[in-house]
Amino acid sequence: MSAAREEILRRIRRSTRDVPDAERPEDVPVERGYRETDDAPRGEIVERFAERTAEYKAKVSRVSESGLPGAIRDALKARGVEKLVVPPGLPEAWVPYGVEVLRDGSGAGAQLTNDELDRSDGVLTGCALGISQTGTIVLDAGEAQGRRALTLLPDYHLCVVREEQVVGLVPEAFAGLRETVVGEGRAITFISGPSATSDIELNRVEGVHGPRTLEVLIVG
Amino acid sequence: MTIIRHQPEKKAPPDAFSEGRTPTFEESAKESLSNSQLRRNLGKATQTIRRKRGVAVAEMPDWEELREAGRALKARTLRHLDDYLVELEESVKRAGGQVHWARDAEEANRIVAGIAKSHGAREVVKVKSIATDETKLNEYLEGEGIAAYETDLAELIIQLAGETSSHILVPAIHKNRSEIRELFMRELGVEDLSDDPPDLANAARLYLRKKFLSAKVGISGANFAVAETGTVCVVESEGNGRMCTTLPPVLVTLMGIEKVIPQWRDYEVFMQLLPRSSTAERMNPYTSFWTGASQGSGDGPEEFHLVLMDNGRTDVLADEIGRQSLNCIRCSACLNVCPVYERTGGHAYNSVYPGPIGAILTPQLVGIGEPGPDSLPYASSLCGACYEVCPVKINIPQVLIHLRGKVVRHKQDEGGLRERLDPENVAMQAMGRIFANRRLYEGAQKAAHVGQWPLARSGTIHRLPGKLAGWTEARDLKPVPEQTFRDWWKTRRGGPSPNGSTGDGAS
Ligand code: SF4
């Protein structure tokens, strides 16, 4: 054990001498008086998700299950995507004809390089969750989402969210992600609208480093 | 576009840890007050963010409950900080990461540089981190032959200009778009650039994309790290945080030891408090949470190092009233509501931590007895606005008063009879007692409101009477509002004051 570690721990113990020896962390009361679940009707929760995601300058459409492949095709076409990045586990029915598909595999050699991702036109993914309260899309590096670089380097991200994936409040999202993090240690990314900055005279500019366009299809 | 590799020429920025004598707040504030562009930009920025924050917070019916939970979680963590850090260390190691401990800034810098060197890195990419500003990591790396590239747009701007930040959240707020255009044309070698913000942002995107793709080592700070799981989090807007923490094969995260939180679920509190208090958004554009190294998953860095830094924090911890300063989640809400900060800007504080939080944190980190930092607890009119907005309920006025008392006592111990009879010393001690007691505090606020009117002109108090006149020589005070927040809260809720008790400094 390093000397620095021992010394810092010793300093902390000295600085917290006022804390009784018998006190356990749980003895310090933490009252969670805030809302943990949203009791609004489902329809309202999904509608709010659509509104708030759009408020953060994402393009949002609501589509039916059968209309999804067509909506994906139209979105990619409108954007002019020719080289499309596709993560492992994406339903085949979503992948349109007529675009060059760059499939990311797992394991060395099967992965797309950062340069390939950088030169692509866009990426199509699913998601782990949507948060209605904040208009947030949550990725957990799982099925149909892939590793983090896939949704970072392309300039366009088309994301499919199923209505049943939308939760009401922020605490519901963290509860839903617990197993993935505690059990598997997978990385989690929250995305609320496209990349943005307000650094120049406080003008919001969409898109600095991440995808400059985020498009969301809500399927229900 | 041509990219010219640029080594910004550094003016030694005065910060909390610079050697030699740091100017006092009064000295620096005079300089800032005469800079009208800074005042104009800053006034606009703070007003805009203040208004937006109000809207974002008003939307939350359970805001006060969240604040209380945030405060309590921080109190629990700080009282048992040793246990939580040991647990964090175990969790990070279990997830394939490495943990380092740094007693001070120098040791932290040495560790980070050592890791970069062991990978033969000549360049590293960085995402905004106040902890690395505090240690002056960039300068240190430069001395070791490693170029550190700041990747936040604002940080890039001030790095290229060789300046220091004027605001935690919008560090380049003192720069206008035409200045940024000129700077980019000169330093990035871009020809044909308009002063349109999207164009300027695009120039930065192109310049930094190459750096992200080639860097072997990324460096970040941490907003939080969970003891239970080892999950570290970076909250940001631009996507450069995602780049730095995902693309380079080696990631080094430097965090102050107070950033640990107990459990995964505690993010549900802080991820509601932080974005609304900081950028006034329901949620910031990007938040990355990662647990250790990639461990063969192919997702993210193969090597992850977490550096846990003390650098004065255990001294802050030792003070039962000052301890709550370590609750701070660096949202900058207190800056935007502060009438003193709004006029002087961040540079006047001569520290990487400006505004009300800087006024309490800097002198505690550095230690009482330095003229510069010692002047900071006086850089306040004690109007209490900072306390009302603070998402983790740091009672900043209480800590200010407490520190003034400490400064005064230090002077008495060092000085002669004159210092001991200084009327300010006497006044401060009385004030400290009032703040420690809620009933007295409310009484004093009302008394102040009734008693102040002959002194207030055009909304500010220019001169206080009698013994308190010394205070107003360098400061204009905001008059006490007609109705204090506490009064308003009582009428609104018909219930008790939002903050329970005032003298809860042991948190
Ligand atoms: S002291 Fe409170 S309001 Fe100020 S930056 Fe820290 S958390 Fe935010």
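These numbers were taken from a predicted model, which means no experiment stands behind them.
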Where [X] and [Y] come nearest, the two heavy atoms and their spacing:
| X | Y | result |
| --- | --- | --- |
| B:Thr291 | A:Gly185 | CB-O, 3.8 Å |
| A:Ala4 | B:Glu107 | CB-OE2, 3.6 Å |
| A:Ile8 | B:Ala102 | CD1-O, 3.4 Å |
| B:Arg76 | A:Val28 | NH2-O, 2.9 Å |
| B:Ala201 | A:Val208 | O-CG1, 4.3 Å |

Only pairs of heavy atoms separated by less than 4.5 Å count here; which of [options] has the most with chain B?
| options | answer |
| --- | --- |
| A:Gly210, A:Gly135, A:Pro29, A:Gly33 | A:Gly210 |
| A:Ala173, A:Pro171, A:Ala141 | A:Pro171 |
| A:Asp118, A:Asp115, A:Val182 | A:Asp118 |
| A:Gln133, A:Arg17, A:Glu31 | A:Gln133 |
| A:Val170, A:Val181, A:Leu169, A:Val138 | A:Val181 |
| A:Arg52, A:Arg147, A:Arg24, A:Arg178 | A:Arg52 |

Which atoms of [X] come close to chain B, meaning under 4.5 Å heavy atom to heavy atom: side chain ones, backbone ones, both, or neither?
| X | result |
| --- | --- |
| A:Glu7 | side chain |
| A:Leu177 | both |
| A:Thr136 | side chain |
| A:Leu214 | neither |
| A:Pro25 | both |

First locate atom [atom1] of [X], then atom [atom2] of [Y], and finally report the distance between them rounded to the nearest 0.5 Å.
| X | Y | atom1 | atom2 | value |
| --- | --- | --- | --- | --- |
| A:Ile191 | B:Tyr286 | CD1 | OH | 6.0 Å |
| B:Met283 | A:Thr53 | CE | OG1 | 11.5 Å |
| A:Ile188 | B:Ser288 | CD1 | OG | 10.5 Å |
| B:Thr231 | A:Arg186 | OG1 | CZ | 13.0 Å |
| A:Arg11 | B:Leu317 | CZ | CG | 12.0 Å |

Lys/Arg N to Asp/Glu carboxylate O, [X] vs [Y], below 4.0 Å:
| X | Y | answer |
| --- | --- | --- |
| A:Asp155 | B:Arg205 | yes |
| B:Arg79 | A:Glu26 | no |
| B:Arg265 | A:Glu36 | yes |
| B:Arg282 | A:Glu55 | yes |

By a 4.5 Å heavy-atom criterion (distance strictly below it), what part of [X] contacts chain A: side chain, backbone, both, or neither?
| X | value |
| --- | --- |
| B:Ser237 | both |
| B:Gln295 | neither |
| B:Gln263 | side chain |
| B:Ala95 | neither |
| B:Leu308 | backbone |
| B:Asp104 | neither |
| B:Arg103 | both |
| B:Arg181 | neither |

With distance as the sole criterion, is a donor-acceptor pair present between the side chains of A:Arg14 and B:Thr314 under 3.5 Å?
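No.
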Would you say the side chains of B:Glu268 and A:Tyr34 form a donor-acceptor pair under 3.5 Å?
yes
Under 3.5 Å: donor-acceptor pair, side chain of [X], backbone of [Y]:
| X | Y | result |
| --- | --- | --- |
| B:Asp299 | A:Arg148 | yes |
| A:His209 | B:Thr151 | yes |
| B:Trp264 | A:Phe174 | yes |
| A:Asn114 | B:Leu213 | no |
| B:Arg323 | A:Ser15 | yes |

Could you walk me through whether B:Leu73 and A:Arg32 pass side chain to side chain contact (heavy atoms under 4.5 Å, CB included), step by step?
CA-CA 10 Å; B:Leu73 282 167; A:Arg32 297 184 191 261; 3.9 Å; yes
So do the side chains of [X] and [Y] get within less than 4.5 Å of each other, counting heavy atoms only?
| X | Y | result |
| --- | --- | --- |
| A:Tyr56 | B:Pro285 | no |
| B:Thr246 | A:Thr189 | no |
| A:Leu153 | B:Arg209 | yes |

For the interface with chain A, which of B:Val235, B:Thr245, B:Leu85, B:Asp266 has the highest count of heavy-atom pairs at distances below 4.5 Å?
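Winner by heavy-atom pair count: B:Asp266.
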Answer key: most heavy-atom pairs under 4.5 Å with chain A among B:Glu228, B:Met271, B:Glu236 is B:Glu228
Go through A:Leu9 and B:Trp101 one step at a time and tell me if the side chain to side chain contact (heavy atoms under 4.5 Å, CB included) criterion holds.
CA-CA 10 Å; A:Leu9 291 174; B:Trp101 300 70; 4.1 Å; yes
With B:Asp82, which of A:Arg10, A:Arg5, A:Arg13 fulfils salt bridge (Lys or Arg N to Asp or Glu O under 4.0 Å)?
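By the salt bridge (Lys or Arg N to Asp or Glu O under 4.0 Å) criterion, B:Asp82 pairs with just one of A:Arg10, A:Arg5, A:Arg13: A:Arg13.
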More than 12 heavy atoms of other residues, nucleotides or ligands under 6.0 Å from CD of A:Glu23: yes or no?
yes
Could you go through the side-chain hydrogen bond (donor to acceptor under 3.5 Å, both in side chains) check for A:Thr151 and B:Arg242 one step at a time?
CA-CA 10 Å; A:Thr151 48; B:Arg242 292 178 72 192; 3.1 Å; yes
